[in-house]
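One structure, pasted below without further comment.
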Amino acid sequence: MTEQTAPPADVAVPATTVLPPVPEGPPPAPVQEEGPAPAAPRPPRRVLRAVLRWTAAVLVLGGLGAGTAAGITSMKRTDVPGLATRDDGRWDYPALTLPALPADAPRPFSDSNLAEVHHADLRRLLVPAPAGATAVEGLDGGWVDTARFVTEYGKGDRAALTQHLKDSALRHTAARGWTMPDGTSSRVYLLQFNSVAYSTAFHDAIYEQESLDSLPLPLAGTAEPVFDEDWTATAGAEFTTAHVYSESEPYGAEQVRYAYVLAGDTVALIVHSRKGGAGTEAVPFHQTVILQNQLLG
């Protein structure tokens, strides 16, 4: 089922990359600003799972009113830890934008949105593909079904995951995939649920046990994942959680890096893989995780 939203009006933000625009849509008339937040103090949020030792520091994106097309924080390339130079292997993404919201609809983590719902069209919250990318057939930034999503996992896990998603009030899944000239394959999935309770339950279900040392189900063709030791810091958003993994050597025909981002009612899966002995580059992978995290925050 597709959520109906007002046509988005994007406002460009100085970004550290250059790439094809997010899904098409004519700019609408300006949307109304949100009224003042309720005077009552905000109740404490549900404490999410602790950030693992290689999860990153987060950057608050405050002051985003409902119904206002707002740009993502204008961090320079040199301001992002681990991405300090232009010739470090990063990809060229375009300036990122947050889509406009329906009138009076709040941003997901504003004081008036205790349910942490993303009211924007989920497809417009997908990170766009970088310059030079070739789109993957069937992953063009639109909706995908559960059968396509679970192909990222081993055959033995797909039936259980499919059933869990059926039981978890999944609203819909948006996805984008691309390949780069160096052979890197990238896939990004955004799964939106009916509530934070369902998104958190699914996020926890992909882990084999409930502890700080638990690891997620391995993706198709990979061995047991390990925490990504190249991951040091990110420019995410408050109230989102990123768990980042890598496939350690020996990793066989290809190396896979992937991350989960839990952001309110939405769970993101970001995957980079590349065949050959050179493995998958850490910098563009971390760059993709950072940007997708910001879009969801």
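The figures here come from the full heavy-atom set of this structure, side chains too, leaving out hydrogens, waters and symmetry mates.
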| task | State which residues pass side-chain hydrogen bond (donor to acceptor under 3.5 Å, both in side chains) with Thr288; sequence neighbours excluded, sorted by chain then number. | result | Tyr93, His272
| Quick one: do the Arg187 and Ser273 side chains pair a donor with an acceptor below 3.5 Å? | yes
| task | Over 60° means perpendicular and under 30° means parallel, so classify the ring planes of Tyr245 and Tyr258, tilted if in between. | result | tilted
| field | Smallest separation among heavy atoms of Gly264 and Val196, with atom names | value | C-CG2, 3.7 Å
| Side-chain heavy atoms of Glu229 within contact of Ser246, under 4.5 Å | no
| query | Between Phe202 and His164, what is the ring plane arrangement, given parallel below 30°, perpendicular above 60°, and tilted in between? | reply | tilted
| request: Using the rule that two of Ile, Leu, Val, Met, Phe, Trp, Tyr join whenever any of their side-chain heavy atoms come within less than 4.5 Å, decide whether Val226 and Tyr251 are in one cluster. | output: no
| request: Please round to the nearest 0.5 Å and tell me the distance separating atom CD of Glu152 and atom CZ of Arg158. | output: 9.0 Å
| note | Heavy-atom closest pair (Leu96 atom, Pro128 atom, distance to 0.1 Å) is CD2-CD, 3.8 Å
| query | Just how far is it from atom CZ of Arg123 to atom CD of Gln192, taken to the nearest 0.5 Å? | reply | 11.5 Å
| said: As an exercise, state the distance from OG1 of Thr266 to CG of Leu295, rounded to the nearest 0.5 Å. | reply: 12.0 Å
| query | With a 4.5 Å limit on heavy-atom distance, are the side chains of Leu161 and Leu217 in contact? | reply | yes
| said: Go through it in stages, so that I can follow the logic: the residues are Thr200 and Phe193, the test is side chain to side chain contact (heavy atoms under 4.5 Å, CB included), and I'd like the CA-CA distance, side-chain angles, deciding distance and then a yes or no. | reply: CA-CA 9 Å; Thr200 303; Phe193 295 82; over 6 Å; no
| field | Residues that Asp167 engages under salt bridge (charged side-chain N to carboxylate O under 4.0 Å, His left out), provided they are two or more places apart | value | none
| note | By side-chain hydrogen bond (donor to acceptor under 3.5 Å, both in side chains), Tyr153 pairs with (sequence neighbours left out) Tyr260
| task | Measure from the side-chain N and O atoms of Arg90 to the backbone N and O of Val283, and report whether any donor-acceptor pair falls under 3.5 Å. | result | no
| task | For Thr222 and Pro218, indicate whether the former's side chain and the latter's backbone hold a donor-acceptor pair under 3.5 Å. | result | no
| query | Can you tell me how far CG of Leu170 sits from CG of Leu191, rounded to the nearest 0.5 angstrom? | reply | 5.5 Å
| field | Distance-minimising heavy-atom pair for Ala147 and Val150 | value | O-CG2, 3.4 Å
| message | According to side-chain hydrogen bond (donor to acceptor under 3.5 Å, both in side chains), who are the partners of Thr134, at least two apart in sequence or on a separate chain? | response | none
| query | Quick one: are Thr241 and Val261 in side-chain contact, heavy atoms under 4.5 Å? | reply | no
| So do Leu122 and Arg171 actually touch side chain to side chain, heavy atoms under 4.5 Å? | no
| Residues two or more places apart in sequence or in another chain: which of them pass side-chain hydrogen bond (donor to acceptor under 3.5 Å, both in side chains) with Thr146? | none
| request: Answer yes or no: is there a side-chain heavy-atom contact under 4.5 Å between Thr173 and Arg148? | output: no
| said: A side-chain contact here means heavy atoms from C-beta on lying under 4.5 Å apart; do His118 and Leu125 qualify? | reply: yes
| According to the salt bridge (charged side-chain N to carboxylate O under 4.0 Å, His left out) rule, which pairs have a member within residues 240-251, sequence neighbours left out? | none
| request: Start with the C-alpha gap between Phe109 and Leu296, add the side-chain angles, then the distance that decides, and say whether side chain to side chain contact (heavy atoms under 4.5 Å, CB included) holds. | output: CA-CA 10 Å; Phe109 300 106; Leu296 289 174; over 6 Å; no
| Would you say the side-chain atoms of Arg257 pair up with the backbone N or O of Thr280, donor to acceptor, closer than 3.5 Å? | yes
| 4.5 Å side-chain heavy-atom contact, Arg107 and Asn113 | no
| remark: Gln292 and Ala268 have their tightest heavy-atom pair at CG-CB, 4.5 Å
| Can you tell me how far the NZ atom of Lys275 sits from the OG atom of Ser185, to the nearest 0.5 Å? | 9.0 Å
| task | Can you measure from OG1 (Thr240) to CD (Gln294) and round to the nearest 0.5 angstrom? | result | 9.5 Å
| query | Looking only at heavy atoms, which two atoms of Met180 and Gly132 are closest? And how far apart? | reply | SD-C, 4.5 Å
| Side-chain contact, heavy-atom cut-off 4.5 Å: Phe285 with Thr184? | no
